[in-house]
Amino acid sequence: MLYIGIDLGTSAVKLLLMDSEGKIVNVVSREYPLYFPHPGWSEQNPEDWYAQTMEGIRELLQGADKTQVAGISFGGQMHGLVILDKDDNVIRPAILWNDGRTTEETDYLNNVIGKEKLSEYTANIAFAGFTAPKILWVKNREPENFEKIAKIMLPKDYIAYKLTGVHCTDVSDASGMLLFDVKNRRWSQEMCEICGIREDQLATCYESYEAVGTILPEIAEELGLKSDVKVAAGAGDNAAAAVGTGTVGDNMCNISLGTSGTIFISSGKFGVDKFNALHSFAHADGSYHLMGCMLSAASCNKWWMDEIIGTNDYAGEQKKIEKLGENHVYYLPYLMGERSPHNNPNARAVFIGMTMDTTRADMTQAVLEGVAFALRDSLEVAKSLGIDIKRTKICGGGAKSPLWKKIVANVLNLKVDVIESEEGPAMGGAMLAAVACGEYGSVEEIAAKVVKIVDTVEPDPELAAKYEARYAQFKEIYPTCKPLFEKLL
């Protein structure tokens with residue numbers, strides 16, 4: 001049988017066709033516009049997502065035996081607010097995860113409602129990108145639109161609705177809304193009351209690997225598919241990527257070096273750190289996960305290379321780096337503020353430690369090391385909960401750099417496993433579809449079958465010790481600079 005994984009990203013939808021053995025048959029991508037109607041705002045039209053997804057499925061299935069397609073599922077950009085009226089029409093453009101308009105609403109939730117109550121209700125505190133502050137923003141600034149709301153949905157779930165007619169979401173994506181009781185895997189009545197909404201305005205919540213229904217007859221006819229093709233709930237992009245890298249079960253770890261950076265730790269049991277420095281979410285495998293999310297990771301290196309030193313020879317610049325663990329230059333990677341573990345939108349990027357003999361290579365090295373040190377910050381929070389991580393998978397554009405993988409392995413003192421096929425959330429979506437269709441008995445079973453490790457970067461004890469000393473210095477820089485960040489606004 002064949003399975004379709006749909007990764008609804010911020011700039012494009014990526015679609016993947018996988019067979020029963022986990023072999024990738026085809027991959028296509030379709031772009032759509034991103035709108036910035038005001039500084040700091042970020043929006044998209046859900047209709048664009050659907051149009052490009054349908055075109056993408058047609059392209060994906062060219063030359064394939066469509067009668068073999070058994071299931072469809074998703075990974076998708078998290079936290080976005082999609083609101084529908086009583087006729088299921090989109091009321092206003094979707095407000096995306098990277099939209100910064102909700103500062104006042106986020107402050108209200110954290111400081112008036114209180115972080116302790118939010119953590120009790122949802123296992124998390126408010127971040128500007130989360131969905132609940134966006135709902136409050138619409139309520140406060142667009143009351144006429146707020147009154148029209150019949151359904152509140154997340155981006156990928158709008159596509160699932162268009163395919164099936166079912167208003168659905170999954171536990172992993174719902175966890176990032178600040179409306180979900182993560183520990184008990186259900187909507188939080190307290191948060192609904194705080195936001196002025198009813199639970200019936202929220203979608204029905206499923207486990208990521210559960211089928212929510214089958215495609216509508218008119219969709220089946222339009223795409224040339226059988227009418228019994230199942231659609232599974234899918235997962236938020238990071239949880240779907242974790243499935244795709246085999247980061248399922250207890251105490252498994254995945255690091256993503258994409259535009260943003262994440263350290264994703266799967267856990268068999270629910271847990272929250274006392275400062276809510278990490279996100280505590282339900283996982284797509286039926287358990288839980290902790291996630292540290294930094295807003296600028298590989299984008300720091302892109303900014304340094306493209307905008308500052310003006311080169312696209314990334315590999316050539318890294319070849320000039322010779323002495324790891326001995327750099328006196330440090331870099332704070334907070335180009336867009338920071339989420340985990342500091343939750344400070346006012347944080348800024350900083351170079352410190354330069355002298356007259358500092359070289360261009362030293363500065364490049366500092367950028368790569370700064371991102372790794374910031375990931376270490378989140379790892380330390382996980383360790384404080386008694387979680388013992390020995391190794392991690394790695395994915396994302398930055399993971400294509402052998403040097404950066406070596407730096408990560410030694411800064412975090414972890415074995416870093418490189419997998420054969422790195423297709424991220426789209427692969428995870430296809431795997432979830434296969435589980436929903438009964439091809440595999442569990443997410444763990446398909447991950448064990450499909451995900452293959454092809455290389456491991458081992459930390460060097462001597463170099464890891466040098467980085468231990470460097471990290472001790474790095475972690476003093478942010479608290480020292482924090483009071484200044486507030487004055488730079």
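All residue numbers refer to positions in the sequence shown, counting from 1. Just the heavy atoms: all of them, side chains too, but no hydrogens, waters or symmetry mates, feed the values below.
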Does some side-chain heavy atom of [Y] sit less than 4.5 Å from a side-chain heavy atom of [X]?
X	Y	answer
Leu154	Met177	yes
Trp304	Thr364	yes
Met1	Glu439	yes
Lys449	Glu21	yes
Ile321	Leu368	yes

Taking every non-hydrogen atom, the tightest pair across [X] and [Y]:
X	Y	result
Gly268	Ser287	CA-CB, 4.2 Å
Ser401	Gln318	OG-OE1, 2.6 Å
Ser296	Leu335	OG-CB, 3.7 Å
Trp404	Ala297	CH2-O, 3.9 Å
Ala242	Phe264	CB-CE2, 3.4 Å
Phe180	Ser175	CD2-OG, 3.8 Å

- Message: Check this for me: does any side-chain nitrogen of one of Arg376 and Glu380 sit under 4.0 Å from a carboxylate oxygen of the other?
- Response: yes

- Answer yes when Lys302 and Asp306 have at least one side-chain N-carboxylate O distance shorter than 4.0 Å, and no when they do not. yes

Separation between [atom1] of [X] and [atom2] of [Y], rounded to the nearest 0.5 Å:
X	Y	atom1	atom2	value
Lys406	Asp460	NZ	CG	7.5 Å
Tyr3	Asp19	OH	CG	9.5 Å
Phe275	Asn343	CZ	CG	13.0 Å
Ile263	Thr247	CD1	OG1	10.5 Å

- Task: Applying side-chain hydrogen bond (donor to acceptor under 3.5 Å, both in side chains), run through Ser11 and Glu31 and close with a yes or a no.
- Result: CA-CA 6 Å; Ser11 58; Glu31 294 183 353; over 6 Å; no

Any donor-acceptor pair under 3.5 Å linking the side chain of [X] with the backbone of [Y]?
X	Y	answer
Ser42	Asn98	no
Asp285	Val443	no
Tyr334	Pro345	no
Ser340	Cys293	yes
Lys393	Val418	no
Ser73	Ala433	no
Asp273	Leu278	yes
Thr102	Ala128	yes
Ser266	Met252	yes
Trp187	Ala203	yes

Is the count of non-hydrogen atoms from other residues, nucleotides or ligands lying under 6.0 Å from [X] atom [atom1] greater than 12?
X	atom1	value
Asn312	CG	no
Lys405	NZ	yes
Glu218	CD	yes
Lys383	NZ	yes
Glu458	CD	yes

Side chains of [X] and [Y] only: does a donor on one sit below 3.5 Å from an acceptor on the other?
X	Y	result
Thr456	Asp417	yes
Tyr161	Asp88	yes
Thr122	Asn124	no
Gln44	Gln77	yes
Thr311	Asp313	no

- Message: Determine whether Lys390 and Asp388 satisfy the following criterion, salt bridge (charged side-chain N to carboxylate O under 4.0 Å, His left out), listing intermediate values before the conclusion.
- Response: CA-CA 7 Å; Lys390 301 293 188 188; Asp388 184 25; 3.5 Å; yes

- Taking the six-membered ring for Trp and the full ring for Phe, Tyr or His, determine whether the centres of His79 and Phe127 are under 6.0 Å apart. no

- Message: Ring centroids only, cut at 6.0 angstrom: are Phe270 and His283 within range, meaning strictly under it?
- Response: no

- Message: Please evaluate residues Asp157 and Thr169 with respect to the criterion side-chain hydrogen bond (donor to acceptor under 3.5 Å, both in side chains), reporting the C-alpha separation (whole Å), side-chain torsions for both, the decisive distance (0.1 Å), and the verdict.
- Response: CA-CA 6 Å; Asp157 303 327; Thr169 190; 2.6 Å; yes

- Residue from Asp170, Asp237, Asp7 passing salt bridge (Lys or Arg N to Asp or Glu O under 4.0 Å) with Lys156: Asp170

- Query: How are the rings of Trp303 and Tyr331 set relative to one another: parallel (under 30°), tilted (30 to 60°) or perpendicular (over 60°)?
  - Reply: parallel

- For the pair Leu163 and Leu216, evaluate side chain to side chain contact (heavy atoms under 4.5 Å, CB included) and give the outcome as yes or no after the intermediate values. CA-CA 6 Å; Leu163 294 178; Leu216 293 165; over 6 Å; no

- Can you check side chain to side chain contact (heavy atoms under 4.5 Å, CB included) on Lys14 and Ile6, steps first, answer last? CA-CA 6 Å; Lys14 180 178 179 180; Ile6 299 172; over 6 Å; no

- Query: So Tyr32 and Asn45, side-chain hydrogen bond (donor to acceptor under 3.5 Å, both in side chains) or not? Walk me through it.
  - Reply: CA-CA 9 Å; Tyr32 32 67; Asn45 289 322; over 6 Å; no

- Item | Candidate pair Leu17 and Ile24, rule side chain to side chain contact (heavy atoms under 4.5 Å, CB included), full reasoning | CA-CA 6 Å; Leu17 189 63; Ile24 297 169; over 6 Å; no

- Item | Working for side chain to side chain contact (heavy atoms under 4.5 Å, CB included), residues Thr392 and Ile265 | CA-CA 9 Å; Thr392 182; Ile265 300 169; over 6 Å; no

- Message: Less than 6.0 angstrom from the centroid, inside 45 degrees of the normal: does Lys162 satisfy that with respect to the ring of Tyr50?
- Response: yes

- Answer yes or no for Arg185 and Tyr288: cation-pi contact, defined as NZ/CZ to six-membered ring centre under 6.0 Å and angle to ring axis within 45°. yes

- Only residue of Leu61, Leu16, Val229, Val25 satisfying side chain to side chain contact (heavy atoms under 4.5 Å, CB included) with Ile4 is Leu61

- Phe130 and His279: CA distance, side-chain angles, deciding distance, ring-ring contact (aromatic ring centres under 6.0 Å, His included) verdict: CA-CA 11 Å; Phe130 280 10; His279 304 322; 5.4 Å; yes

